[in-house]
Number of protein chains: 2
Amino acid sequence: MNDSREHPDDRPDDTRATLVAAARALFAERGYDGASVRAITSRAGANLGAVTYHFGSKEELYNEVVATMIRPMRDRVGAVARRPEAALDRLEAVVEVYFDHFSANGDLPHFLVERIASGQLPPPAVLATMRAVLQTVSGIVAEGQADGSIRPGDPVLMTLSVIAQPVYLSLVHAPLRTAMGVDIASDHLVAHARRFVRAGLSSSPAEAP
Amino acid sequence: MNDSREHPDDRPDDTRATLVAAARALFAERGYDGASVRAITSRAGANLGAVTYHFGSKEELYNEVVATMIRPMRDRVGAVARRPEAALDRLEAVVEVYFDHFSANGDLPHFLVERIASGQLPPPAVLATMRAVLQTVSGIVAEGQADGSIRPGDPVLMTLSVIAQPVYLSLVHAPLRTAMGVDIASDHLVAHARRFVRAGLSSSPAEAP
DNA sequence: GAATCATTCATACGTTCGTATGAAAACGAA
DNA sequence: TTCGTTTTCATACGAACGTATGAATGATTC
């Protein structure tokens with residue numbers, strides 16, 4: 001019925017990209033240890049040795065997968081931060097970017113926390129993004145505090161509280177639905193998180209939208 | 001120098017408890033797959049067969065570890081919810097309970113999200129706690145909305161936003177310090193999260209403490 | 001068309017894993 | 001003490017893992 005390979009008509013030489021796609025799906029479904037090299041190469045329609053040949057090791061393939069997924073998001077956050085808008089509006093936009101990118105890459109939140117949850121350090125690409133976002137967003141917060149629109153407080157802590165919303169909400173979204181019968185529409189989720197973040201940071205009571 | 005076993009002077013018959021303690025530490029340090037039965041039994045000073053004998057399987061030992069860690073927290077949240085205080089104060093107290101319990105069980109957040117991050121369902125004890133907390137806390141939110149102290153909005157979403165704070169902040173606390181040089185004092189973390197939650201839910205601007 | 005390089009392939013190696021097995025030891029009740 | 005039960009122990013099994021190896025194949029260049 002359905003072809004077991006990721007790309008039935010792959011042109012030669014994109015074995016590498018096919019591997020990344022298959023690995024991304026399997027890492028998200030089963031976690032790092034649960035996704036064997038054999039399962040990945042089989043799903044990609046490639047030979048068992050392909051991972052070693054193209055990436056050197058399973059670990060490096062994992063890093064590549066994570067980097068591929070997360071890099072565009074880092075860029076989008078950076079772009080939003082440079083907009084000529086009010087600080088609170090840009091922070092809402094950051095929240096929206098997170099949700100939007102998670103929606104297009106529904107498995108990204110898994111990669112963000114999987115290593116941390118296993119007591120290890122996140123992969124390099126995640127660390128780099130955390131660093132960049134922390135700096136960018138806390139800069140926006142500081143601007144908002146300077147112009148009086150955001151209440152006082154440690155900008156780094158405020159940034160973490162902002163990021164916690166899309167990450168945690170997206171992470172529990174699926175289990176909430178499948179295991180607890182709590183079904184939340186994505187746009188409600190985003191709208192709520194934006195309001196919550198604005199209210200949590202604002203120095204004045206939330207104005208109606 | 002230090003004994004490799006968990007309890008050098010264990011009385012007979014608490015092998016079971018010693019296994020749970022050793023397993024908890026190793027699961028937290030290395031994740032489920034990273035903590036082998038051999039490593040666990042060796043750390044507990046027990047025989048390799050002890051896990052099968054006392055728990056039936058590694059999976060059931062894991063469930064037992066998680067249940068042991070999370071059950072007291074569920075009770076504490078329930079107790080806080082029944083206090084005769086204002087809704088927002090009780091919600092702050094819930095946040096404090098989370099942080100406090102995480103502080104005494106620094107590895108609990110790992111267990112809360114490990115399975116989710118690997119694309120699986122959380123262990124039964126985590127699901128049960130999520131259910132209970134969701135119901136309890138969203139009840140408090142609804143009360144606060146009824147008396148006008150909390151702004152309108154879906155109580156379930158608001159609950160998730162509240163819980164996101166202690167969970168995410170505790171989760172990233174260690175990697176932030178060790179890998180990114182961001183060192184945050186625990187009491188600052190708690191105080192910030194309480195303020196952020198109150199501000200995010202309150203129907204009036206935050207009053208000075 | 002031969003030579004060079006890149007890629008694919010089948011297969012094998014050594015390790016580690018969770019669990020099973022059955023004997024040995026410890027324990028408690030009679 | 002003796003019997004029956006519970007708990008420990010050493011060891012074995014089969015499976016799955018990541019990676020290495022070297023031959024085969026394909027593509028590119030001269």
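Numbered from 1 within each chain, the chains take letters A, B, ... in sequence-line order. Bear in mind that the values here come from a model prediction, so they are computed numbers and not experimental data.
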Residue set satisfying side chain to side chain contact (heavy atoms under 4.5 Å, CB included) with A:Arg30, at least two apart, ordered chain then number -> A:Leu26, A:Ala39

May I ask you to decide if the ring planes of B:Tyr32 and B:Phe27 are parallel, tilted or perpendicular, using 30° and 60° as cut-offs? parallel

Rounded to the nearest Å, what distance is computed from the CZ atom of residue B:Arg16 to the P atom of nucleotide D:dT8? 12 Å

Is B:Glu85 paired with B:Arg90 through a side-chain N to carboxylate O contact shorter than 4.0 Å? no

Check the distance between D:dG22's C1' and A:Tyr53's OH and give it to me in whole angstrom. 14 Å

Footprint string (nucleotides 10-23 of chain C, 5' to 3'): B base within contact, S backbone only, - free, heavy atoms under 4.0 Å: BBB----BBBS---

Can B:Ser161 and A:His192 be counted as having a side-chain donor-acceptor contact under 3.5 angstrom? yes

The test is side chain to side chain contact (heavy atoms under 4.5 Å, CB included); show your working for B:Asp154 and A:His188 and say whether it passes. CA-CA 9 Å; B:Asp154 183 342; A:His188 287 180; over 6 Å; no

Between B:Arg83 and B:Asp89, is the closest basic N to carboxylate O distance under 4.0 Å? no

For a quick test of reading the model: is some side-chain N or O of A:Thr15 closer than 4.0 Å to OP1 or OP2 of C:dT8? yes

With respect to the phosphate group of D:dT6, does any side-chain polar atom (N or O) of B:His54 fall under 4.0 Å of OP1 or OP2? no

